Every structure is written in structure tokens, then in C-alpha cells.
Student: 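Here it is, the structure, as C-alpha cells.
Small disclaimer: the values here were computed from a predicted structure and weren't measured. Excluded from the calculations below are hydrogen atoms, water molecules and symmetry mates; all remaining heavy atoms, backbone and side chain alike, are included.
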Amino acid sequence: MPKLTINGQEVEVPAGTTVLQACQSAGIEVPHFCFHERLAIAGNCRMCLVEMEKSPKPVASCAMPAADGQVVKTDSAMAQRARKGVMEFLLINHPLDCPICDQGGECDLQDEAMAFGFDRGRFQENKRAVKDKNFGPLIKTQMTRCIHCTRCVRFATDVAGVSELGATGRGENMEIGTYIEHALTSELSGNMIDLCPVGALTSKPYAFVARPWELRKTESVDVLDAVGANIRIDTRGPEVLRVLPRLHEDVNEEWLGDKGRFAIDGLMKRRLDKPYVRVDGKLTPASWAEAFTAIAARIKGLDGSKIAGIAGDLVDAESMLALKDLLTGLGSTNLDCRQDGAKLPAERAGYLFNTTIAGIDQADVVLFVGTNPRLEAPLINARFRKRYLMGGFKAAAIGPSLDLTFPVVQLGEGPEVLADLADGNHTWIETLKGAKHPMIVVGQGALAREDGAAVLALAHRLADAAGVVRDGWNGFNVLHTAAARVGGLELGFVPGAGGRDVAGILDGAGSGSIEVVYLLGADEIDTSKLGKAFVIYQGHHGDAGAARADVVLPGAAYTEKNGTYVNTEGRVQLGRLATFPPGEAREDWKILRALSDPLGHKLPYDNLAQLRQRLIEVNPRFAHVDEVVPADWVAFGAAGPTGAGPFVYPIENYYMTDPVSRSSPTMAACTESLRATVSQKTGTNG
């Protein structure tokens, strides 16, 4: 490990560390614009110049490897003079529009200009002007402000894996943009806004909405997919104005998917803000008492076997537990949290991402089975791309053709290929066997089929045959698409003894053997199969479930309540209340607690602390917040024949997968933009 002296302080750093990183490890701040620890080094901005002994001129510390015996000065007269000169050059063409720039208050250039800028300029020439580019409905461009740090270019190429940005021209004529004008097609494009050190790239939906000092900031988790990305929710008054990523090395690093970042404008659209009761075939506004009375009148005296409950994809664990306790108190075992009908087992190893998201960094071979992680979990897909760029990594897939931003070998489209692998009749089994850390990732496209249990059993057999699970390594993974799914499975929100799953509930509702169905935020089921059943819908948006309901109870969205969520790897995380529900809407568990009184089965908790204690009683793993508790490798799935049809990926349109994103004008614009871009690239009209 090299030892160097920085400002008279001896520092020892790992081999491969740059001088800039060595300064940071010693707690010494060095200004920079182009350097970012997760991007390739460019050395463009020269703001990080330092004085180095025996060097005749200042050195760019971001591009200089730390070496034994180096003597570095970061605050010498030479370094200070060099940085001031760089700042003067940067401001030659930069417009003086801080008062109307959305980056104001969060701008690196603004901050560094305070430290190294001068109160007047020596250049008399006209400032250059650059035409703004169209990056789509998410990113607003003001390219005259661009300082050519190329962070956006490096992010698009390296992290997002979409080589659509680059520099054209030289010198003063150099411009950053797409080579052919079209919207960016990455699901991670919003991260370029965070990376831009000036106001060249800002959020188009957030433009001129608020200043950072006006916002109340709340730390929470994203629930629009199953990754559980850590986020910061920025609110002003009753409205969520912005969502930004928070650093969590083991989950999302410092990135965030575009849906989690921009779908928030759907939170205030199509909202349910008062109870409704269906009268003469029409939903009419009602009081809470009237809604509860209508429910009690229908349920009282009804046998528990005729009542069922389905939990949706965005529901917190507290609400699912409250509904489970209420329905089991009424004698019902017809419960299910698997809206899509996925044949997920009770055994934890059969429904968790056992390798963990951070564990992807160690993998050397991966087989995707019925999953498209780029659309189902863009942050996990970015982690796989990061691993690919490190070298020594192979990927294959079973399912329709994929574009995952890294090379993938297509082995076939259906379960017959998986069977050949498990039986040792396919050459790729040797690649899995020869890997040091192999992975299998099974998606909902493989499990949400009639033969899903048999497919899962095949995957288990393949894992055993290829040695995917071994001492210190579990390479078997299930990738979920719903934030509530793992939490529901951990709580046992699945059919009890003699109970029905989602398909059975819908069949029973159609035949009349199920008379009452409680939909807790469940909008992804086929509501036309509910027949004449009495449907209670509790949720926050007027989506499919509310349209079919006989009684609607307005709940709270994920930004409006304190809730517990479990991500695809089994990590328990806490979402926090950032703003209050609109109108008469209430937190979901409180609605269920209030409803339990008129139903004659009062739930035994009166506050969130008591309910969370009940969570821990049901499953002690809920006490381990932000931890992953490994699962034991046991048998799961059900051996049997599989169908011949190809796997079908569960998500076709990344931007519209749930009630929030379907209500978002921004996500609608993204859908249209993506369709136009695909048409432009392929030369088609669709």
C-alpha cells in the first residue's frame, strides 16, 4: 500500500487509489467537477489541480495514481492560483443566470465559484451559445451552461449501458448531445440530473417548481419495484415535489430508476379521498360510518369460507398483517398476496434473491430464467452491467430475446431448455458447473404460469446439478416485481388450510362460492372474473379495483404513511410519512382497525408500535431492519410436467406498472416518447 504525504500528513492508501481519493480519505477536500467515484476517470475539468513535489506544474489529482513517497500540497499558493485560473476559464462562457436556474442552491459550480471565483472577468468576447437538445420528457437541457465534464456521457455509456450521448466538435465548438436527436431510452436517465455539476441538465417535470430550501426532506424507500431503493422525498405542504436517491451501497448504491423518481406526479391524480358505496349500480360518496355499516351488513353472519382477501403490490407489511388478522378472525383462510398467480413456495429460499444485490459483484456466471431485469429491476440490471465491465463474466437467458445492456446468450424461450439443463443435456450446464460463483435468476415470467411450480422445481434441480448452492454461496435467486410480495410471504399472507389462492378466489367469486372479496390495493387482477361477489376495495387510486368495488375505502399512498417493506432479497426497510393523505383518506392499518369494531372482531393493537410488535411476533425477522437473514437451502416447487409455451415477461411497458405510474402524466409522456423513439430507430409506425 503506497504511503504519501498530503499537506504534511502521512497517508497510507490501497493500491490503485488516485491522489484525489487519497486526499478525500484524509479528510481533505479537493474541488472537482468531472471526477465521480462510480464513473471512469476523464480528467476534463482540471479543477482538482494540486501541487506535487518535483513536478514543474500543477497535477490533476483525479488522474494521478497515488504512489510511495509523493509529497502533495492541496492548499499551496500554486494550487490556489491554478484553480482560480481554471474557474476563470470555466466562467468565460457560462451564462450568469443563477437566479433563474433550477440548479441554484444545489450547484457545484456555484459553490466552487464562491471559493475560487473573482468578482469580475477579464474577457470581453461574446459568450458562446449552444442550442438546447431534446433528451425526452424527463431531462430539461440548457446546454449553454455545459462545462464539458462528460459525467452524463460516461454514466450513459458505462452505468446505463446506452451509448446515446457523446461529444461532437472540438474546442469552443464542442457540444454534448445525442448524435441523432431522440429521447434517451435508458430507465436510469434521471441520474444524469444528479450527476450534472451545473444547470445544463435539470428535471423537466420539476422545472421552476421550488427551491431546495423550501422543501421538507424525508428519508424513505421506493416501492414502485421490488428493489427497495433508498430515497429522499422532498415535499412542500401537502404535495410531493421531488424524489431523489439516497446512498445505500448494498441496494441501490446512489442510483434510482426513472419510474421511482418521476412517477410521483401521479400521487395527486385520480386519488380516492372519501369513502364510496355503490347504490343502484353507481358509486356514491358516503361517510366512514355508512361505508362500515354497508360492509358489516354484508359480512355479519357469513361463513368465513365465503370471504376472501387479496393484497396488492404496493401494500406495506402492517396493512397486510391487519387484514390477515381480521379475515382469519372472521374464519377465512382465503388469502393471497400473489396477484399475478406466481407459484411461489412457503420456503424462503424459493422466493428470495438469495445472493443479495451486493452479491452480484462476486458472480461470474448468471442464467436468467423468464425475467427481463432491465424492465423489472433496472438497478439490479445496472449491477449486472457493472459486474460485466469488471471482466470475467458470462450471462445467458431462457426466454424471448433480451437487450440487457450487456452480452447475453439466448439458450431458448421455454421450460424445455431448463429441463435439458437440469438433465445435463445442454452444453451450457458445463459453464454453470465451472463457475466459481454461479447465479440463477428466476423471474415472475417463469413462475406466473400454470406450470410455475414445476418450473421452480426444475430450477431447484438445476441449482443442485450445477452446484449453484455451496458453502458460503447461494446463487439461487427469485427476482420479484412487486414491493409487497416478499413481505406478504414472510407474513404468511397465502392460503391457509383449505384456503383458495388468487385463481381459486376468482373462480369462487364467479361461481358464487365466494361472496365477499376484500381487495387491499389489488388492481392487477382480472376484475371481470369477480362475478356477483361483494367487493370491498381499499386503496389510494381510482384504478381497476375501485371501478369494480361495491364499497371503496380511501387509503394512503406509500409517501403518506409509515410502513414496513421487504425487498426482493428479504431486506426489511422502513418507509416514512412525508405528507398526509388527501381528504378523508387514512392509513391502511387504521382503516382495518376501525372496521374490525363493527365487524365484531376488534384487532388487538391501537397504535403503530403495537402493530409492529405484532409483526415481530408473527415473524421475528421483522426486527432485523436493513439486514438480510439468509435462508436455508431446502426442497421447494412441485415436480411435474411443464407446458411447451415460451416464457412471457411480466412487464412490457416499464413506465406503467401500478396505479401510481398509470396515473402519472410524466409516465404517460415517457410511454409516448419511447414509442416514438422505437419507431424512429426501427423505421416503423408503431
Student: Measure from the side-chain N and O atoms of Q103 to the backbone N and O of A200, and report whether any donor-acceptor pair falls under 3.5 Å.
Tutor: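 No, the answer is negative, given that no donor and acceptor are paired below the 3.5 Å cut-off.
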Student: Within the distance-only criterion (no hydrogens, no angle test), does the side chain of T141 pair as donor or acceptor with the backbone N or O of M143 below 3.5 angstrom?
Tutor: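 Looks like no, no N/O pair under 3.5 Å.
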Student: Say whether, by atom type as modelled, one donor and one acceptor occur between the side chain of T144 and the main chain of V130 under 3.5 angstrom.
Tutor: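 Yes, T144 side chain to V130 backbone: donor-acceptor pair under 3.5 Å.
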Student: Honestly, is R387 close enough over F393, meaning NZ or CZ under 6.0 Å from the six-membered ring centre and within 45° of the axis?
Tutor: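 Not satisfied by the 6.0 Å and 45° rule.
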Student: I'd like to know whether CE of M114 has more than 12 heavy-atom contacts from other residues, nucleotides or ligands below 6.0 angstrom.
Tutor: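 For M114, atom CE is not crowded (no more than 12 foreign heavy atoms under 6.0 Å).
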Student: More than 12 foreign heavy atoms under 6.0 Å from NZ of K127: is that the case here?
Tutor: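 More than 12 heavy atoms, drawn from other residues, nucleotides or ligands, come within 6.0 Å of this atom.
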Student: F33 and side-chain contact (heavy atoms from CB on, under 4.5 Å): which partner among C62, C196, C45, C48?
Tutor: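 Answer to the side-chain contact (heavy atoms from CB on, under 4.5 Å) test with F33 among C62, C196, C45, C48: C45.
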Student: So which of N567, V628, D250 actually passes side-chain contact (heavy atoms from CB on, under 4.5 Å) with I357?
Tutor: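 Passing option: N567.
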Student: Please step through side-chain contact (heavy atoms from CB on, under 4.5 Å) for the pair M78 and V50, ending with a clear verdict.
Tutor: CA-CA 8 Å; M78 175 194 282; V50 297; over 6 Å; no
Student: In a check of salt bridge (charged side-chain N to carboxylate O under 4.0 Å, His left out) between R261 and each of D222, D194, D234, which one passes?
Tutor: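 So, applying the salt bridge (charged side-chain N to carboxylate O under 4.0 Å, His left out) to R261 and each of D222, D194, D234, only D194 qualifies.
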Student: Hey, is NZ on K386 packed in by over 12 heavy atoms from elsewhere, all under 6.0 Å?
Tutor: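 More than 12 heavy atoms, drawn from other residues, nucleotides or ligands, come within 6.0 Å of this atom.
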Student: Within the distance-only criterion (no hydrogens, no angle test), does the side chain of T150 pair as donor or acceptor with the backbone N or O of V153 below 3.5 angstrom?
Tutor: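 Checked: no pair found.
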Student: Tell me whether the count of non-hydrogen atoms from other residues, nucleotides or ligands lying under 6.0 Å of CG in N126 goes above 12.
Tutor: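 It does not: N126 CG has 12 such atoms or fewer within range.
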Student: Determine the interplanar angle of the F384 and F368 rings, folded into 0 to 90°, and report it as parallel if under 30°, tilted if 30 to 60°, perpendicular if over 60°.
Tutor: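 Judged by the thresholds at 30° and 60°, the geometry between F384 and F368 is perpendicular.
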Student: With a 4.5 Å heavy-atom cut-off, do L4 and V13 have their side chains touching?
Tutor: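 L4 reaches V13 side chain to side chain.
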Student: Any chance you could lay out the side-chain contact (heavy atoms from CB on, under 4.5 Å) test for H36 and E254, step after step, and finish with the verdict?
Tutor: CA-CA 12 Å; H36 192 281; E254 59 185 83; 3.0 Å; yes
Student: Counting C-beta onward and ignoring hydrogens, is there a side-chain heavy-atom pair between T235 and K217 closer than 4.5 Å?
Tutor: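 Not in contact.
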Student: Starting at OG of S661, measure out to CD1 of I264 and round the result to the nearest 0.5 Å.
Tutor: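 With rounding to 0.5 Å, OG (S661) is 13.0 Å from CD1 (I264).
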Student: Got a donor-acceptor contact below 3.5 angstrom from the N230 side chain to the N252 backbone?
Tutor: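 No, because the side chain of N230 does not come within donor-acceptor range (under 3.5 Å) of the backbone of N252.
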Student: Just verifying a value: how many Å separate M47 CE and H32 NE2, rounded to the nearest 0.5 Å?
Tutor: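 Taking CE in M47 and NE2 in H32, the distance rounds to 11.0 Å.
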Student: Just wondering, more than 12 heavy atoms not from R385 lying within 6.0 Å of its CZ?
Tutor: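 Enclosed: over 12 neighbouring heavy atoms sit under 6.0 Å from CZ of R385.
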Student: Less than 4.5 Å apart, side chain to side chain, heavy atoms only: is that true for P31 and R83?
Tutor: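 With C-beta onward as the side chain, the pair touches.
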Student: Given side chains that start at C-beta, do those of D658 and K259 come closer than 4.5 Å, heavy atoms only?
Tutor: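 Yes, close enough: below the 4.5 Å cut-off.
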Student: Taking atom CZ of F406 as the centre, does the number of heavy atoms from other residues, nucleotides or ligands within less than 6.0 Å exceed 12?
Tutor: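 Atom CZ in F406 is crowded, with more than 12 foreign heavy atoms closer than 6.0 Å.
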Student: Do any N or O atoms from the side chain of T579 and from the backbone of E560 form a donor-acceptor pair under 3.5 angstrom?
Tutor: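 Checking the backbone N and O of E560 against the side chain of T579, no donor-acceptor pair under 3.5 Å is found.
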Student: Any chance the side chains of Q142 and T202 put a donor and an acceptor closer than 3.5 Å?
Tutor: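 Absent: no donor and acceptor within the cut-off.
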Student: Give a yes or no on whether a salt bridge exists between R38 and E249, defined as a side-chain N under 4.0 angstrom from a carboxylate O.
Tutor: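 Yes, charged N to carboxylate O under 4.0 Å.
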Student: Answer yes or no: does atom NZ of K84 have more than 12 heavy-atom neighbours from other residues, nucleotides or ligands under 6.0 Å?
Tutor: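 It does not: K84 NZ has 12 such atoms or fewer within range.
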Student: On a heavy-atom basis, which atom in P665 and which in D265 lie closest, and how many Å separate them?
Tutor: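 For P665 versus D265, the nearest heavy atoms are CD-OD2, 3.4 Å.
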Student: When rounded to the nearest 0.5 angstrom, what distance separates CG in L184 from SG in C670?
Tutor: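 So the gap between those two atoms works out to 10.5 Å.
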Student: Begin with the C-alpha distance, continue with both residues' side-chain angles, and end with the deciding distance and a verdict on side-chain contact (heavy atoms from CB on, under 4.5 Å) for E187 and R374.
Tutor: CA-CA 8 Å; E187 298 77 23; R374 181 173 175 183; 2.9 Å; yes
Student: Does some side-chain heavy atom of L479 sit less than 4.5 Å from a side-chain heavy atom of N477?
Tutor: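 Result no, sub-4.5 Å side-chain heavy-atom pair not found.
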Student: Report yes or no: does N173 contribute a side-chain atom to a donor-acceptor pair with the main-chain N or O of G171 at less than 3.5 Å?
Tutor: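 No: the side chain of N173 does not pair with the backbone of G171.
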Student: Testing the 3.5 Å rule here: is there a donor-acceptor pair between the side chains of T564 and D316?
Tutor: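 No pair is found: no donor N or O on one side chain lies under 3.5 Å from an acceptor on the other.
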Student: Under the 3.5 angstrom rule, does the side chain of R236 hit a backbone N or O of V209 as a donor-acceptor pair?
Tutor: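 At least one qualifying donor-acceptor pair exists.
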Student: Can you tell me how far apart OG (S189) and CD1 (I139) are? Round to the nearest 0.5 Å.
Tutor: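 With rounding to 0.5 Å, OG (S189) is 4.5 Å from CD1 (I139).
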Student: Is there side-chain contact between T568 and T481, with heavy atoms separated by less than 4.5 Å?
Tutor: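 No, every pair of side-chain atoms sits at 4.5 Å or beyond.
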Student: Give me the one residue out of K133, R170, R128 that meets salt bridge (charged side-chain N to carboxylate O under 4.0 Å, His left out) with E175.
Tutor: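 With E175 as partner, salt bridge (charged side-chain N to carboxylate O under 4.0 Å, His left out) holds for just one option, K133.
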Student: Can you check whether L256 reaches L244 side chain to side chain, under 4.5 Å on heavy atoms?
Tutor: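 The answer is no; the side chains never approach within 4.5 Å.
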Student: Would the distance check show the side chain of N562 and the main-chain N or O of R576 forming a donor-acceptor pair, the cut-off being under 3.5 Å?
Tutor: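 Not a single qualifying donor-acceptor pair exists.
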Student: So does R383 pair up with E569, basic N to acidic O under 4.0 Å?
Tutor: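 Salt bridge absent between R383 and E569.
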Student: Can you see which heavy atom on M667 is nearest to which on D258, and at what distance?
Tutor: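 Shortest heavy-atom separation between M667 and D258 comes out as CE-O, 4.1 Å.
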Student: Kindly state each residue pair satisfying ring pair (Phe, Tyr, Trp, His ring centres under 6.0 Å) with at least one member in residues 78-126, sequence neighbours excluded.
Tutor: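 Of all non-adjacent pairs touching residues 78-126, none passes ring pair (Phe, Tyr, Trp, His ring centres under 6.0 Å).
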Student: Does the pair R571/D626 count as a salt bridge with the N-to-O cut at 4.0 Å?
Tutor: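 Salt bridge present between R571 and D626.
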Student: What is the minimum heavy-atom distance between I176 and A167, and which atoms define it?
Tutor: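 Between these two residues, the closest heavy atoms are CD1-CB, 3.9 Å.
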Student: To the nearest 0.5 Å, what is the distance between CD1 (I360) and CE (M439)?
Tutor: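 Output value for this atom pair is 5.0 Å.
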Student: Looking only at heavy atoms, what is the nearest atom pair of L49 and A79, with distance?
Tutor: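 It is O-CB, 4.0 Å.
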Student: Rounded to the nearest 0.5 Å, what's the gap from CD on E376 to OH on Y654? Could you check?
Tutor: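 Rounded to the nearest 0.5 Å, the CD-OH separation comes out at 12.0 Å.
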Student: Between K394 and V409, is the side-chain contact (heavy atoms from CB on, under 4.5 Å) condition met? List the steps.
Tutor: CA-CA 8 Å; K394 294 180 180 179; V409 179; over 6 Å; no
Student: Kindly give the heavy-atom pair with the smallest separation between A207 and K140, and that separation in Å.
Tutor: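 Taking A207 first and K140 second, the nearest heavy atoms are CB-CD, 3.8 Å.
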Student: Compare all side-chain heavy atoms of L195 with those of W255 and state whether any distance is below 4.5 angstrom.
Tutor: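 SC-SC contact between L195 and W255 confirmed.
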Student: Does atom CG (D119) have a neighbourhood of more than 12 heavy atoms from anything else shown, all under 6.0 Å?
Tutor: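 Atom CG in D119 is crowded, with more than 12 foreign heavy atoms closer than 6.0 Å.
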Student: Work out which heavy atom in D364 is nearest to a heavy atom in A435; give both atom names and the distance.
Tutor: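 The answer is OD1-CB, 3.4 Å.
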Student: Judged by atom type as modelled, is there a donor-acceptor pair below 3.5 Å linking the side chain of T355 to the main-chain atoms of N474?
Tutor: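 Indeed, once roles are kept as given, a pair shorter than 3.5 Å links the two residues.
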Student: Could R145 and D97 be called an ion pair, given the rule that one side-chain N must be under 4.0 Å from one carboxylate O?
Tutor: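 Yes, this pair counts.
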